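This structure is a prediction, so every number in the text was calculated from the model and none was measured. Letters go in sequence order (proteins before strands), and every chain restarts at 1.
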Protein chains: 2
Amino acid sequence: MNRFLSNATNKVDAKGRVSVPAQFRNVLARLDIQELYAIQDFVFPAITVGGPDLLDRYERQIDGEDPFSPDANDMSLLIHGGGIFVKLDGEGRLMMNEFMRDYTGITDQVTFVGRSDHFQLWDPVCYEEKRQEALSRRLAGRPARAGQGETG
Amino acid sequence: MNRFLSNATNKVDAKGRVSVPAQFRNVLARLDIQELYAIQDFVFPAITVGGPDLLDRYERQIDGEDPFSPDANDMSLLIHGGGIFVKLDGEGRLMMNEFMRDYTGITDQVTFVGRSDHFQLWDPVCYEEKRQEALSRRLAGRPARAGQGETG
DNA sequence: TGGGAGATTTTGGGCGTCAATGGGATACAG
DNA sequence: CTGTATCCCATTGACGCCCAAAATCTCCCA
């Protein structure tokens, strides 16, 4: 598989490290992603993690504008200044820092959520809530029934 | 990495010195930047720091305008007249002077913010505020749907 | 279909290195 | 001569790197 799919929850250890799921690491290897860039999701309380192309995608938005415009300035502040580089240790773990914890509410567990070309770091409880909400919205326009399937 | 990305906060010591983050120093070395030039950011209460090419970039901006326009005149005054040179000591620290403190409100801590081809010095609290504002502006211009998942 | 061996993945912890910081000594300028 | 800035060295603490154990999964064979 060459895309980030599904989700998994791992523990944060005493040093603040957490294993990136092997499945996701395989995708990283397959896509030949050496360097990880992380930034807060603009919509959900989650951290988005991806390769350099993730940064490129955001930057194209900046480049499309007048470099001295207020919009481009805001965007640069958020993208260039707001992101961080993430390293994996020999066992494929990353460090949870203050920035990530604050924004996500993550304490001792992290849910990794695949988002096709990137993945995200969520607080497990928060993820379940937001997922349910998204599902509800999705089902809103439909005949009531459906709503059983709890995910594991 | 050969660009200034991410951010870090360091302490100002009793002598008014503050360490430039190692990550940024690496970029400076990689870009072979020997001389640092600092000016006021025109938008935020921050000090912009970069190499000689920083000047070039602003000068091109000035050149692009009518040389007799008030804007070009203002910019020249601020860029050419208002900038200062910054030196790093053996440990990679710079001196916070009155000019920098006045404009940024920095007291005992400095947040270094990467802006791709340069970096900035911010008061940590102020940075957090302005970053939030920028984020809000960014979200404001979007369809209030969000829920589905576009990460932007 | 169930058990079990082997492989993989996750988790825990020790240790060395380097960055950040503090402080004394010295050079320089007003 | 005095105050400030620069240089140099010491300390501290965080992070990266390594190895080991525990937990989980896979696959084969009975």
Side-chain angles (χ1 to χ4, degrees), chain A residues 1 4-30 33-38 47 49 83-102 106-114 119 121-124 152, chain B residues 1 4-30 34-38 47 49 84-102 106-114 119 121-124 127:
Chain A
M1 184 52 61
F4 299 100
L5 297 172
S6 189
N7 68 85
T9 300
N10 286 337
K11 280 197 275 187
V12 181
D13 71 15
K15 289 183 176 181
R17 301 171 299 186
V18 60
S19 291
V20 173
Q23 198 180 350
F24 287 2
R25 297 206 305 269
N26 286 338
V27 178
L28 290 175
R30 197 173 294 240
I33 294 177
Q34 312 283 350
E35 214 165 28
L36 286 180
Y37 185 73
I47 299 294
V49 182
I84 55 176
F85 283 104
V86 177
K87 288 180 188 174
L88 301 189
D89 68 13
E91 283 70 42
R93 289 175 290 198
L94 59 83
M95 279 288 300
M96 293 298 301
N97 60 27
E98 200 60 28
F99 165 70
M100 292 171 166
R101 291 175 187 273
D102 282 353
I106 289 170
T107 55
D108 61 342
Q109 286 198 317
V110 180
T111 296
F112 292 80
V113 181
F119 63 88
L121 277 46
W122 287 72
D123 172 69
Chain B
M1 185 50 60
F4 299 99
L5 296 171
S6 191
N7 69 84
T9 300
N10 286 338
K11 280 197 273 188
V12 181
D13 70 16
K15 292 181 178 179
R17 301 171 300 186
V18 60
S19 291
V20 174
Q23 199 179 352
F24 286 2
R25 298 206 305 268
N26 286 339
V27 177
L28 291 174
R30 197 174 294 239
Q34 313 283 349
E35 212 164 29
L36 286 179
Y37 189 70
I47 298 294
V49 182
I84 57 174
F85 284 101
V86 177
K87 289 180 188 174
L88 301 190
D89 69 13
E91 282 71 42
R93 291 176 286 199
L94 59 82
M95 279 290 300
M96 293 299 301
N97 59 28
E98 204 59 21
F99 166 70
M100 293 170 166
R101 291 177 187 273
D102 282 352
I106 289 169
T107 55
D108 61 341
Q109 287 198 316
V110 180
T111 296
F112 292 81
V113 181
F119 63 89
L121 277 47
W122 287 70
D123 172 69
Y127 170 62

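- Against DNA chain D, the stretch residues 5-14 of chain B makes no heavy-atom approach under 4.0 Å.
- Taking A:Asn97 as the reference, A:Ile84, A:Phe99, A:Met100 meet the side chain to side chain contact (heavy atoms under 4.5 Å, CB included) condition, with sequence neighbours excluded.
- Here the range on DNA chain C touched by chain B, meaning any atom under 4.0 Å from one of its heavy atoms, is C:dA19 to C:dA25.
- Taking the side chain as every heavy atom from C-beta outward, B:Thr107 and B:Val12 never approach each other to under 4.5 Å.
- Nearest-nucleotide positions on DNA chain C for A:Val20 and B:Arg25 put A:Val20 closer to the 5' end.
- Taking the side chain as every heavy atom from C-beta outward, B:Phe112 and B:Leu121 approach each other to under 4.5 Å.
- Two residues are said to be in side-chain contact when any heavy atoms from C-beta on lie closer than 4.5 Å; A:Leu88 and A:Leu28 meet this criterion.
- Without hydrogens or angle criteria, B:Asn10 side chain to B:Val18 main chain gives no donor-acceptor distance under 3.5 Å.
- Residues passing the side chain to side chain contact (heavy atoms under 4.5 Å, CB included) test with A:Ser6: none are found, sequence neighbours excluded.
- By the 4.5 Å heavy-atom criterion applied to side chains, B:Val20 and B:Leu36 are not counted as neighbours.
- A:Asp108 pairs by the side chain to side chain contact (heavy atoms under 4.5 Å, CB included) definition with nothing, not counting sequence neighbours.
- In the helix from C:dT1-D:dA30 to C:dG30-D:dC1, the terminal helix axes, each the rotation mapping four pairs' C1' atoms onto the next four within five end pairs, subtend 30°, rounded to 10°.
- Nearest approach of B:Ala38 to B:Val86, heavy atoms of both residues: CB-CG2, 3.7 Å.
- Not counting sequence neighbours, the partners of A:Phe85 by the ring pair (Phe, Tyr, Trp, His ring centres under 6.0 Å) test are A:Tyr37.
- Taking all atoms of both residues into account, the shortest heavy-atom contact from B:Gln109 to B:Lys11 is NE2-CG, 3.9 Å.
- For B:Asp123, the side chain to side chain contact (heavy atoms under 4.5 Å, CB included) partners two or more places apart in sequence, or in a different chain, are B:Ile106, B:Val125, B:Cys126.
- Every side-chain hydrogen bond (donor to acceptor under 3.5 Å, both in side chains) that B:Asp89 has, sequence neighbours left out, goes to B:Arg93.
- Applying a 4.0 Å cut-off to non-hydrogen atoms, none of the residues of residues 106-114 of chain A approaches DNA chain D.
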What string of B, S and - do you get for nucleotides 10-22 of chain D, 5' to 3', when a contact is any protein heavy atom under 4.0 Å? ------BBBB---
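- Annotation: side chain of B:Tyr127 is not in contact with side chain of B:Thr9 (no heavy-atom distance under 4.5 Å).
- Not counting sequence neighbours, the partners of A:Phe24 by the ring pair (Phe, Tyr, Trp, His ring centres under 6.0 Å) test are A:Phe4, A:Phe119.
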